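For reference, the structure is listed below as structure tokens.
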Number of protein chains: 2
Amino acid sequence: MDAMSGSGTLRPFEQSLPMALLRAREAAMRRFRPLLAEHDLTEQQWRVLRALTATDRPVEPTILAERTFLLAPSLSRMLSNLEGRGLIRRSVAAHDQRRSLIELSPTGRALVQAVAPSSEATYRHIEERFGVDRLQHLLDELHDLAALDLGEPT
Amino acid sequence: MDAMSGSGTLRPFEQSLPMALLRAREAAMRRFRPLLAEHDLTEQQWRVLRALTATDRPVEPTILAERTFLLAPSLSRMLSNLEGRGLIRRSVAAHDQRRSLIELSPTGRALVQAVAPSSEATYRHIEERFGVDRLQHLLDELHDLAALDLGEPT
DNA sequence: TATTGTTATACTCTATAACTATA
DNA sequence: TATAGTTATAGAGTATAACAATA
């Protein structure tokens, strides 16, 4: 019973799917993080701005939390921060006073646009070295994998 | 210049590689996290134990930090914690008194083995629904992507 | 002098529970 | 009563700098 195979056939570290996903993500983000830091944005804050860019309709916090994989309390504080910095706007839904609606402000949109070229440069870099079709196929596979309902936690 | 295409051709949120990687990782981890919590382990602590399982030789903290994508100060505090719980052992390298050597204790190894079956169950679940060959190909592609030197942060 | 690892500090995010206000 | 969102609280990780011990 050695270290490599003794743990009830636990896969080798190199073959771990979560680690492979994390490693690939780190490789893709390494260049990008310093740029976010220059704009005083955390990775999570960027995800929120990025999610808001994806739609031209205001989004409710609950939906935003799902799309960005953030917990509601984390998002709530982040929205206060982003609103204080003038990057987003909040309004109250007309049909239900409990619901908020979040959207990018022009300043927020400008910030995303300022950061976007560097993001695109990284993509071009990946596409050149990895291949456009190969990257597209990888994205499709990742999408399919995530769509598998692996079941709720027991 | 609308919200979808106005940001200097920023890719749609759905096509974002870091988001796709995060989404897939969340899908794979969702089942697993509660099990870690039952054993009072964070995701990062699990990565450390998991990395130590992958080798039967003691590992220096610097190497461990690289492999687990943790910063040295974070790892340093975690190692104190894990040592206090009797899950790892530390020793000093004979040839260089500055260097530490970290390895799993028998208790730590037993803990990994206790958690492993659930990890394997998730893999079997994925393999059944996604396909063994398809999963292997995905892992290979992720490995190649991470190996691309996308350059140091500017 | 350079390197390994730890400690100090401030901030952010995670996670759960409790609370407010609407419905 | 149930739901949307916020606030409270405790803990862990991120990030940078400063430090001790060793090389």
Side-chain angles (χ1 to χ4, degrees), chain A residues 22 25-26 29-30 32-49 51 58-85 87-103 153, chain B residues 22 25-26 29-30 32-49 51 58-85 87-103 153:
Chain A
L22 180 61
R25 191 162 196 280
E26 284 299 314
M29 290 295 291
R30 200 153 22 229
F32 194 54
R33 246 186 286 262
L35 184 68
L36 294 182
E38 279 176 35
H39 293 277
D40 280 308
L41 288 173
T42 66
E43 219 181 292
Q44 290 85 347
Q45 289 170 339
W46 172 252
R47 289 215 294 273
V48 171
L49 298 183
V59 184
E60 292 168 23
T62 301
I63 305 295
L64 206 48
E66 283 171 16
R67 291 190 184 159
T68 55
F69 299 97
L70 292 168
L71 294 176
S74 300
L75 180 61
S76 190
R77 273 186 306 269
M78 268 179 48
L79 292 177
S80 298
N81 175 313
L82 296 174
E83 187 180 30
R85 293 160 69 180
L87 299 174
I88 62 158
R89 286 178 185 153
R90 308 163 101 148
S91 51
V92 174
H95 66 291
D96 184 342
Q97 302 280 98
R98 294 173 305 181
R99 295 173 192 271
S100 286
L101 290 172
I102 314 295
E103 63 189 325
Chain B
L22 180 61
R25 190 161 197 281
E26 283 300 315
M29 291 295 292
R30 196 153 26 227
F32 195 54
R33 245 186 286 261
L35 183 68
L36 294 182
E38 279 176 34
H39 292 276
D40 281 308
L41 289 172
T42 65
E43 219 181 294
Q44 289 85 346
Q45 289 170 339
W46 172 252
R47 288 213 296 272
V48 170
L49 299 182
V59 185
E60 293 167 23
T62 302
I63 306 295
L64 206 48
E66 283 172 15
R67 292 189 184 160
T68 54
F69 299 98
L70 292 168
L71 293 177
S74 300
L75 180 60
S76 189
R77 274 187 306 267
M78 269 178 48
L79 292 177
S80 298
N81 174 314
L82 296 174
E83 187 180 30
R85 294 161 68 182
L87 299 174
I88 63 157
R89 285 178 185 154
R90 308 164 100 147
S91 51
V92 175
H95 67 290
D96 185 342
Q97 303 279 99
R98 292 172 307 182
R99 295 171 194 271
S100 286
L101 291 171
I102 314 294
E103 63 188 327

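Every heavy atom of this structure was used, including side-chain atoms; hydrogens, water molecules and symmetry mates were not. Lettering follows sequence order; numbering is per chain, from 1. Since this is a predicted model, take the numbers as computed values, not measurements.
- In this structure, CG on B/Leu41 lies 13.5 Å from CZ on B/Arg33, to the nearest 0.5 angstrom.
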Would you mind building the protein contact string for nucleotides 11-17 of chain C? One character per nucleotide, 5' to 3', B for base within reach (heavy atoms under 4.0 Å), S for sugar-phosphate only, - for untouched.
-SSBBBB

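- Closest to the side chain of B/Arg99, from the set C/dT4, C/dT6, D/dG5, is C/dT4.
- When the P atom of C/dT6 is taken as reference, atom CG of B/Leu64 falls 11 Å away, rounded to whole Å.
- Rounded to the nearest 0.5 Å, atoms CZ (B/Phe69) and CZ (A/Arg25) are 12.0 Å apart.
- Axis angle, first five pairs versus last five pairs of the helix from C/dT1-D/dA23 to C/dA23-D/dT1: 10°, rounded to 10°.
- Atom-to-atom, CG of B/Leu41 to P of D/dA12 comes out at 11 Å; the value is rounded to the nearest Å.
- The side chain of B/Thr62 contributes no N or O atom lying less than 4.0 Å from OP1 or OP2 of C/dT3.
- B/Glu66 has its CD atom 11 Å from the P atom of C/dG5, to the nearest Å.
- Here the straight-line distance linking atom CG of A/Leu49 with atom CZ of A/Arg47 works out to 11.5 Å at 0.5 Å rounding.
- No side-chain heavy atom of A/Leu70 sits less than 4.5 Å from a side-chain heavy atom of A/Leu64.
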Donor-acceptor pairs under 3.5 Å, side chain of residues 93-101 of chain B to any protein atom, not counting sequence neighbours: which ones?
unit_1, atom_1, unit_2, atom_2, d
B/Asp96, OD1, B/Arg98, N, 3.0
B/Asp96, OD1, B/Arg98, NE, 3.2
B/Asp96, OD2, B/Arg98, NH2, 3.0
B/Asp96, OD2, B/Arg99, NE, 3.0
B/Arg99, NH1, B/Glu60, OE1, 3.0

Filtered N/O pairs between nucleotides 20-23 of chain C and protein, under 3.5 Å:
unit_1, atom_1, unit_2, atom_2, d
C/dA23, OP1, A/Gln97, N, 2.7

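- Atom pair A/Leu82:CG and D/dG5:P shows a separation of 16 Å (rounding to whole Å applied).
- Following rounding to the nearest Å, A/Glu38 (CD) and D/dA15 (C1') show an atom-to-atom distance of 16 Å.
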Only distances under 3.5 Å count here; give the side-chain donor-acceptor pairs of residues 74-85 of chain A to other protein atoms, sequence neighbours excluded, each with its distance to 0.1 Å.
unit_1, atom_1, unit_2, atom_2, d
A/Ser80, OG, A/Ser76, O, 3.4
A/Asn81, OD1, A/Arg85, NH1, 3.3
A/Glu83, OE1, A/Arg90, NH1, 3.1
A/Arg85, NH1, A/Asp40, O, 3.1
A/Arg85, NH2, A/His39, O, 3.2
A/Arg85, NH2, A/Asp40, O, 2.7

Below 3.5 Å is the cut-off: list the nitrogen or oxygen pairs between protein and nucleotides 18-20 of chain D, distance only.
none

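- In this structure, B/Arg90 atom CZ and C/dG5 atom P are separated by 10 Å, rounded to whole Å.
- For the pair B/Gln45 and B/Leu87, the minimum side-chain heavy-atom distance is 4.5 Å or more.
- For A/Leu75 and D/dT7, the CG to C1' distance is 14 Å, given to the nearest whole Å.
- Look at CD on B/Glu60: it is 14 Å from C1' on D/dA23, rounded to the nearest Å.
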